[in-house]
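All values below come from the heavy atoms of this structure, side chains included, with hydrogens, waters and symmetry mates left out. Because the structure is a prediction, the values reported are computed rather than measured.
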Amino acid sequence: SIASAILSPISVSSFAEIVATCAICFDEDNGFPLAFVRSADSSYFTYPVLVPLVVSGSTISLGTPLVIESAQSTGSAFFCTYDTTNDKVLCVYGLSGSSNVMRAAVVTVSSTSSLSVTGSPVSEPNSTAINQNWTLTYAPDADLHFFAGTLYSNKFIGTTIDISTGSAVWKTTLVDVVTGVTNGGYYSLSTYDSTAQAIIATYYHGSNPYTNDIVPVVLSGSGASTTMSVGTKGNTGSASIMYFASPVYDPDKNVTGVAFNSSAGVSYVTATLTGTSPYVVSTTPATVMDSSSVNIGAYNVGVYDPDTDQIC
């Protein structure tokens, strides 16, 4: 189901398969969210589908689904972001079978019943970025989308996608964001620090001591001319026991809250960028939020509430 704390849940089984990952983004210009999923509809089974979510009072319903591409997608690689500069949605997804590549497609949203793909979906040029261990975040200052993760190569690597022309333009090579990470770079998530104009990404270290690294990345240029400047990373501490540490930026306090699982329960640290670009990550000692989940690995997710100035 897709629901919030105040909305009545609805079943999405009619159009969405149960898969490892799905994604959601908010269209700031049209004022509604969209879900990016793998279709369960028999007419376009396993195809990547973008669906508007219509919120009215305390109810939520589905808009008209858009098939992004008539091709079988993987069940573990769905990402979407809303581009506030170009007023478009970027969808990144994996194709299964012989194609086995990540694809990027640009979507124009006119209403909850009118969506269209702009141009043609474009494959990641190296044909290597294909698993769920990735993250996608929009950096409005550079007007670029940051796509990063791991290829199980003990590296945290990244690229960018430029959609300013109306179609997706990948940077021609994936670059090492952080090298020398032993059994690391996995299960990455990211947020955008609007004050420092930097991406703050997390990834899991799979070797003892276990931890989630927190790394700042500053983007510049566009398309194939993009450059990445990487700052000095911090981490969530040696008590981390599981992946998917969730970073969320609080623009009012100018800090990033990072929730993660630890040997003491669900915990968090706050991360601050110091120094000059591309910055140094400084973190506070970990605080336990929920001790009932000691030594239990879980997926964490967070969001910033501007009305209450709190991270949830």
Side-chain angles (χ1 to χ4, degrees), residues 23-36 48 50-53 63 66 68 78-93 102-112 114-125 129 134-149 158-172 174-175 177 188-201 216-230 247-252 254 256 273 277-279 303-304 306:
I24 192 167
C25 65
F26 184 73
D27 184 328
E28 296 183 24
D29 292 279
N30 288 299
F32 53 80
L34 302 105
F36 186 37
L50 186 67
V51 187
L53 304 177
L66 171 70
I68 302 299
F78 289 87
F79 312 91
C80 65
T81 48
Y82 185 71
D83 187 318
T84 55
T85 302
N86 300 291
D87 300 338
K88 308 287 184 185
V89 175
L90 173 64
C91 295
V92 179
Y93 52 99
M102 294 301 294
R103 301 272 275 172
V106 181
V107 177
T108 299
V109 180
S110 299
S111 68
T112 56
S114 179
L115 295 81
S116 60
V117 175
T118 303
S120 299
V122 181
S123 296
E124 189 277 310
W134 294 84
T135 182
L136 180 68
T137 296
Y138 177 59
D141 66 291
D143 191 19
L144 292 167
H145 300 257
F146 176 71
F147 187 66
T159 188
T160 57
I161 306 170
D162 177 12
I163 69 169
S164 62
T165 62
S167 296
V169 178
W170 292 83
K171 183 174 173 62
T172 53
L174 292 164
V175 298
V177 177
S188 51
L189 293 171
S190 56
T191 189
Y192 178 70
D193 182 329
S194 57
T195 302
Q197 297 186 339
I199 299 288
I200 299 177
V217 181
V218 177
L219 307 178
S220 59
S222 62
S225 301
T226 301
T227 60
M228 294 185 187
S229 301
V230 181
V248 180
Y249 180 64
D250 181 334
D252 186 73
N254 191 25
T256 295
L273 298 186
S277 179
Y279 309 108
V303 67
Y304 174 70

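Residues Val109 and Phe32 form a side-chain contact, since some pair of their non-hydrogen atoms from C-beta on lies under 4.5 Å apart. Contact annotation: the side chain of Tyr138 approaches that of Pro140 to within less than 4.5 Å [non-hydrogen atoms, C-beta and beyond]. For the pair Gln197 and Tyr192, the minimum side-chain heavy-atom distance is below 4.5 Å. Proximity of Leu34 to Cys80: side-chain heavy atoms (C-beta onward) are nowhere separated by under 4.5 Å. A 4.5 Å side-chain heavy-atom check between Thr85 and Ser164 finds every atom pair outside the cut-off. You'll find the side chain of Asp83 stays beyond 4.5 Å of the side chain of Thr81, heavy atoms only. The shortest distance between side-chain heavy atoms of Thr160 and Met228 falls below 4.5 Å.
Within the model, atoms OH of Tyr82 and CG of Asp87 stand 4.0 Å from one another, a figure rounded to the nearest 0.5 Å. Put simply, NZ on Lys88 and OG1 on Thr118 are 4.0 Å apart, with the number rounded to the nearest 0.5 Å. Between atom OG of residue Ser190 and atom CH2 of residue Trp134 there is a gap of 12.0 Å, rounded to the nearest 0.5 Å. Separation of atoms OG1 (Thr112) and CG (Asn30) is listed at 9.0 Å; rounding is to 0.5 Å. Distance check, rounded to the nearest 0.5 Å: CD1 of Ile163 to CG of Leu90 gives 5.5 Å. Atom-to-atom distance recorded for Asn254:CG and Thr195:OG1 is 4.0 Å, nearest 0.5 angstrom.
Under the 3.5 Å distance criterion, the side-chain polar atoms of Tyr279 are matched with a main-chain donor or acceptor of Ala196. Side chain of Trp170 to backbone of Val122: a donor-acceptor contact under 3.5 angstrom is found.
No hydrogens or angles considered: a donor-acceptor pair under 3.5 Å links the side chains of Ser220 and Thr227.
In terms of heavy-atom proximity, Thr191 sits nearest to Pro247 at CB-O, 3.4 Å. Scanning all heavy atoms of the two residues, the minimum distance from Arg103 to Ser123 falls at NH1-OG, 2.8 Å. Contact detail for Ala198 and Leu273: the closest heavy-atom pair is CB-CD1, 4.1 Å. Taking every heavy atom of both residues into account, Phe147 and Ile161 meet most closely at CB-CD1, 4.4 Å. Taking each heavy atom of Val230 and Pro278 in turn, the nearest pair found is O-CG, 3.5 Å.
Ring-plane geometry between Phe36 and Phe78 is classed as perpendicular, the angle between the planes exceeding 60 degrees on a 0 to 90 degree scale with a lower cut at 30.
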May I have the step-by-step check of side chain to side chain contact (heavy atoms under 4.5 Å, CB included) for Ile68 and Val107, ending in yes or no? CA-CA 8 Å; Ile68 302 299; Val107 177; 3.6 Å; yes
Would Leu50 and Val117 satisfy side chain to side chain contact (heavy atoms under 4.5 Å, CB included), going step by step from the backbone distance to the final call? CA-CA 10 Å; Leu50 186 67; Val117 175; over 6 Å; no
Steps toward side chain to side chain contact (heavy atoms under 4.5 Å, CB included) verdict (Val106, Asn86): CA-CA 10 Å; Val106 181; Asn86 300 291; over 6 Å; no
